[in-house]
Amino acid sequence: MDNCIFCKIIAGELPGKVVYEDPMVVAVEDIDPQAPHHYLIFPRKHLPTTLDLTEGDDQLVGHVFRVAAKLARDHGFAERGFRVVNNCNEGAGQSVWHIHFHLLGGRDLSWPPG
Ligand code: AMP
Ligand code: ZN
């Protein structure tokens, strides 16, 4: 999609610190990290929000969680604990309109989130 920063990172038109990629998803370091480990996992396919997911995306969403678990293990914060977060629409804090999942770890995470 034109003017989508995550599509541009996928296309190599914008820099991104890629920590994982496969045919379905890409994961990058968040540019404004909120934890010692803060990665964004997003599909190569452009979908604006969670509300745009269809039944055909079920495997994709499951895959995202498996990638999150792999990254948490590979980067050594799985055992301590981590969080996978998807913000949907402005009221929940979404600011990039290409669906993505935050993976946060490396510190204690309070609950409930703000
Ligand atoms: P959200 O607010 O849930 O839509 O999350 C968007 C996230 O994208 C924020 O945590 C931003 O810090 C992050 N972000 C924005 N631009 C970039 C970029 N060019 N590279 C990496 N992360 C970015
Ligand atoms: Zn996009």
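Every number for a ligand or one of its atoms is a count from 1 in the order of the listing.
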Where ligand 1 meets D32 - atom numbers and elements under 4.0 angstrom, heavy-atom basis:
12 (O)

4.5 Å side-chain heavy-atom contact, L53 and V61
yes

Considering only the protein, which heavy-atom contact is closest to atom 11 (C) of ligand 1, and what is its distance?
D30 OD1, 3.4 Å

For M24, I'd like to know if atom CE has over 12 heavy atoms of other residues, nucleotides or ligands within 6.0 Å.
yes

Residue from H102, H75, K17 passing side-chain hydrogen bond (donor to acceptor under 3.5 Å, both in side chains) with Y39:
H75

Before giving the answer on ring-ring contact (aromatic ring centres under 6.0 Å, His included), spell out for F6 and H100 the whole-Å C-alpha distance, their side-chain angles and the decisive distance to 0.1 Å.
CA-CA 9 Å; F6 293 168; H100 52 281; 5.2 Å; yes

Out of I31, N86, V85, who gets a non-hydrogen atom closest to atom 21 (C) of ligand 1?
I31

How close does the nearest protein non-hydrogen atom get to atom 1 (P) of ligand 1, and which residue and atom is it?
H100 NE2, 3.2 Å

Group every Ile, Leu, Val, Met, Phe, Trp and Tyr by side-chain heavy-atom contacts under 4.5 Å, then state whether I31 and L14 land in the same group.
no

For atom 8 (O) of ligand 1, closest protein heavy-atom neighbour:
L40 CD1, 3.5 Å

Minimum-distance pair of heavy atoms, taken over all atoms of L103 and A68
CD2-O, 3.6 Å

Heavy atoms of other groups near D22 CG, more than 12 under 6.0 Å
yes

Step by step, would you call W97 with D52 a side-chain contact (heavy atoms from CB on, under 4.5 Å)?
CA-CA 11 Å; W97 303 94; D52 298 299; over 6 Å; no

Please list, in number order, the atoms of ligand 1 under 4.0 Å from a heavy atom of E29.
21 (C)

Under 4.0 Å, heavy atoms only, figure out whether ligand 1 is touched by the backbone of L14, its side chain, both or neither.
neither

Using a strict cut-off of 4.0 Å, indicate which atoms of ligand 1 neighbour a heavy atom of N87.
3 (O)

Contacting atoms of ligand 1, where contact means under 4.0 angstrom from a heavy atom of I5
15 (C), 16 (N)

Heavy-atom check, side chain of I5 versus side chain of H98, under 4.5 Å:
no

Heavy atom of the protein closest to atom 4 (O) of ligand 1 (residue, atom name, distance):
S95 N, 2.7 Å

Short list, please: which atoms of ligand 1 are under 4.0 Å from a heavy atom of G93?
1 (P), 2 (O), 3 (O)

Tell me, which N, O or S atom in H98 is closest to the Zn ion (ligand 2)?
ND1

With respect to the Zn ion (ligand 2), what is the nearest N, O or S atom of H46?
ND1

Heavy-atom distances under 4.0 Å decide this one: backbone, side chain, both or neither, for H102 against ligand 1?
side chain

